[in-house]
Amino acid sequence: MPKINLNELDPEFKHRVAEQPGGEGLKACFGCKACTAACPIQPIDKRYDPRKIIRMALLGMKKQVLESDFIWLCSSCYGCQEVCPQNVRFTEVMYAIKNLAAQEACIPPGLTAQRSLLKKHGRLYEVGEFENEKRLKIGLPPIIEHAEDFDVLLPDQTVEKDPGHSSTFHNS
Ligand code: SF4
Ligand code: SF4
């Protein structure tokens, strides 16, 4: 567990997570660690520990949770959910936490780059003339980009650094 700075704790954080879709189970955790034992990421990177993330969230360690890079390591395999005796549904809790992190602009650069690609091409890689010619040669239809579909899903946003905290999103 990281060092706790009492002045940085946010007692409302657990309620915010629990209010998110999927975050409802957070407060039911009784710390048995079955999720940690089942998690395939934990043996690879000790910083990623489902039970620890829950304890941090319950303690109000908002900054350390939302600004950490390890919350993005979850592979969404649902192993933790299958073994949990309290139906915490930790995979869903992680989605809730990551959504909050995204709202506060705490997103790793790799995901920001993926977002830009989706906005530009409507997919995670560009399919241009070269690729479509190759498709044509083997009898496949061309792929047409529909990047505009993502204007609704991913509205334009600018990120402003908030001196009191990390950052905030604004729709432009
Ligand atoms: S398995 Fe469920 S109850 Fe046990 S520590 Fe993990 S989330 Fe909490
Ligand atoms: S869903 Fe995420 S937290 Fe749960 S076991 Fe899989 S990798 Fe670990």
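Quick note: residue numbers are just sequence positions, from 1. Read the numbers this way: they start at 1 and go in the same order the structure lists the ligands and their atoms.
Cation-pi geometry between K52 and F70 is met: under 6.0 angstrom from the ring centre, within 45 degrees of the axis.
Protein N/O/S atoms found under 2.8 Å from atom 2 (Fe) of ligand 2: C74 SG.
In this structure, the protein non-hydrogen atom closest to atom 3 (S) of ligand 2 is Y48 OH, 3.1 Å. For atom 6 (Fe) of ligand 1, the nearest non-hydrogen atom of the protein is C35 SG, 2.3 Å. Given atom 7 (S) of ligand 1, the protein heavy atom at minimum distance is I54 CD1, 3.4 Å. Counting only heavy atoms of the protein, atom 8 (Fe) of ligand 1 lies nearest to C29 SG, 2.4 Å.
Atoms of ligand 1 found under 4.0 Å from any heavy atom of G31, numbered from 1 in the order shown, are 5 (S), 8 (Fe). Each of the atoms 4 (Fe), 5 (S) of ligand 1 lies under 4.0 Å from some heavy atom of K33. Shown in contact with A34 at under 4.0 Å from a heavy atom are these atoms of ligand 1, numbered in order with element: 1 (S). Listed by atom number, the atoms of ligand 1 under 4.0 Å from C84 heavy atoms are 1 (S), 2 (Fe), 3 (S), 7 (S). The distance from ligand 1 to the heavy atoms of V88 drops below 4.0 Å at these ligand atoms: 2 (Fe), 7 (S). In summary, the atoms of ligand 1 found under 4.0 Å from a heavy atom of Q86, numbered by their order in the structure, are 3 (S).
Ligand 1 does not have V83 within reach: every non-hydrogen atom of the residue lies 4.0 Å or more from it.
Looking only at distances, no side-chain donor or acceptor of E104 sits under 3.5 Å from a matching main-chain atom of L100. Checked by atom type and distance alone, the side chain of R51 never pairs as donor or acceptor with a backbone atom of T36 at under 3.5 Å. Between the Q42 side chain and the D49 main chain, no donor and acceptor come within less than 3.5 Å of each other. Q81 places a side-chain N or O within donor-acceptor distance of the main-chain N or O of E92, the cut-off being under 3.5 Å. Using a distance-only test at 3.5 Å, with no hydrogens or angles considered, a donor-acceptor pair links the side chain of E131 to the main chain of G128. Between the N132 side chain and the I143 main chain, a donor and an acceptor come within less than 3.5 Å of each other. When atom types are taken as modelled, the side chain of Q114 and the backbone of T112 share no donor-acceptor pair closer than 3.5 angstrom.
In this structure, K33 has no side chain to side chain donor-acceptor pair (under 3.5 Å) partners at least two apart in sequence or on a different chain.
Applying the 6.0 Å contact sphere to CD of E129 captures no more than 12 heavy atoms from other residues, nucleotides or ligands. Residue Y125 places its OH atom among 12 or fewer non-hydrogen atoms of other residues, nucleotides or ligands, all under 6.0 Å distant.
Using a cut-off of 2.8 Å, one finds that C32 contributes no N/O/S atom close to atom 8 (Fe) of ligand 1.
A salt bridge links D69 with R47: the distance from a Lys NZ or Arg NE/NH1/NH2 to an Asp or Glu carboxylate oxygen falls below 4.0 Å.
With a 4.0 Å heavy-atom cut-off, ligand 1 is reached by no atom of T36.
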